[in-house]
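The structure under discussion appears below in the form of structure tokens.
All residue numbers refer to positions in the sequence shown, counting from 1.
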Amino acid sequence: MYKKVERAFSKVQNLLLGLIGIALTIMMSVIMLQTLTRYVIFYSLPWSEELSRYLFVFVIMIGLTVAIKDDMLISIDLIDRFLPEKADKYLDTVRKILALLVSIIIVICCSRMFTIGKIQKSPAMGIPMITMYGTIFVSYILAAISLVFKIIDNIREAMGIENKGEEKQI
């Protein structure tokens, strides 16, 4: 059951990678269009900076989940190098649990912003701000799910259980 859920979540993350690629492409196109119109036509598009900023936030927030999955977050290697391997695994698990708690706190805070986001609109494009708050909300929910999988994998590895649910042969 755990493996099925993990595979399904992996497919969601692959879909998110595709969305990140599309968002980056749109963001680069909008910035290039803004540069072209500003320096060639001498007209500045009022919505381009706002759209590129929102796409940037989208890429960063959704990319967080993929970074957690691939262990690509910034860390301080100096501490990890001095610790024995088993202690490093425990410290890594503690870090992931703390990150999970922070993710949960951010999800709770974002959910409180929804009442404001329904009313407030972005200045240039008139997009409801609930869209941006929702992006942050969803990304931290996905980050929390990804962290739960990482914590479970760390615990299973520390207990000597392979991914198939069998104990390791030593």
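Scanning both residues, A23 and V59, for their nearest heavy atoms gives CB-CG2, 3.8 Å. Q13 and V66 get closest at one heavy-atom pair: O-CG2, 4.2 Å. Of all heavy-atom pairs spanning A67 and L73, the tightest one is CB-CD2, 3.8 Å. Counting all heavy atoms, side chain and backbone alike, A124 lies closest to P46 at CB-O, 3.4 Å.
Of the charged side-chain nitrogens involved, at least one lies within less than 4.0 Å of a carboxylate oxygen, so that K150 and D71 count as a salt-bridged pair. Note on K3 versus E6: salt bridge recorded, some NZ/NE/NH1/NH2 to OD/OE distance being below 4.0 Å. Between E49 and R53 there is a salt bridge, since a side-chain N of the basic residue sits under 4.0 Å from a carboxylate O of the acidic one.
For the residue pair Q34/S52, the side-chain donor-acceptor check at 3.5 Å is not satisfied.
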**Check against side chain to side chain contact (heavy atoms under 4.5 Å, CB included), I62 and L19** = CA-CA 9 Å; I62 299 301; L19 289 175; 5.7 Å; no
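Put simply, CG on L33 and CD1 on I26 are 13.0 Å apart, with the number rounded to the nearest 0.5 Å. One finds the CZ atom of F58 at 7.0 Å from the CD1 atom of I20 (value rounded to the nearest 0.5 Å). Distance check, rounded to the nearest 0.5 Å: CG of L16 to CG of L142 gives 6.0 Å. Put simply, CD1 on I106 and OG on S111 are 12.0 Å apart, with the number rounded to the nearest 0.5 Å. With rounding to the nearest 0.5 Å, the separation of CD1 in I130 from NZ in K121 is 10.0 Å.
Here the side chains of L17 and N14 are in contact, with some heavy-atom distance below 4.5 Å. Looking at heavy atoms from C-beta onward, K69 lies out of side-chain contact with T65 at the 4.5 angstrom threshold.
Evaluation of the salt bridge (Lys or Arg N to Asp or Glu O under 4.0 Å) rule for R38 yields no partner, not counting sequence neighbours.
A donor-acceptor pair is defined here as one N or O able to donate and one able to accept, closer than 3.5 Å; such a pair exists between the side chain of T37 and the backbone of Y43. With hydrogens and angles disregarded, no donor-acceptor distance shorter than 3.5 Å links the side chain of T131 to the backbone of I127.
Ring-centre distance between F9 and F149: below the 6.0 Å cut-off.
In the displayed structure, F114 atom CZ is contacted under 6.0 Å by more than 12 heavy atoms of other residues, nucleotides or ligands. A 6.0 Å sphere centred on CE of M125 holds more than 12 heavy atoms belonging to other residues, nucleotides or ligands.
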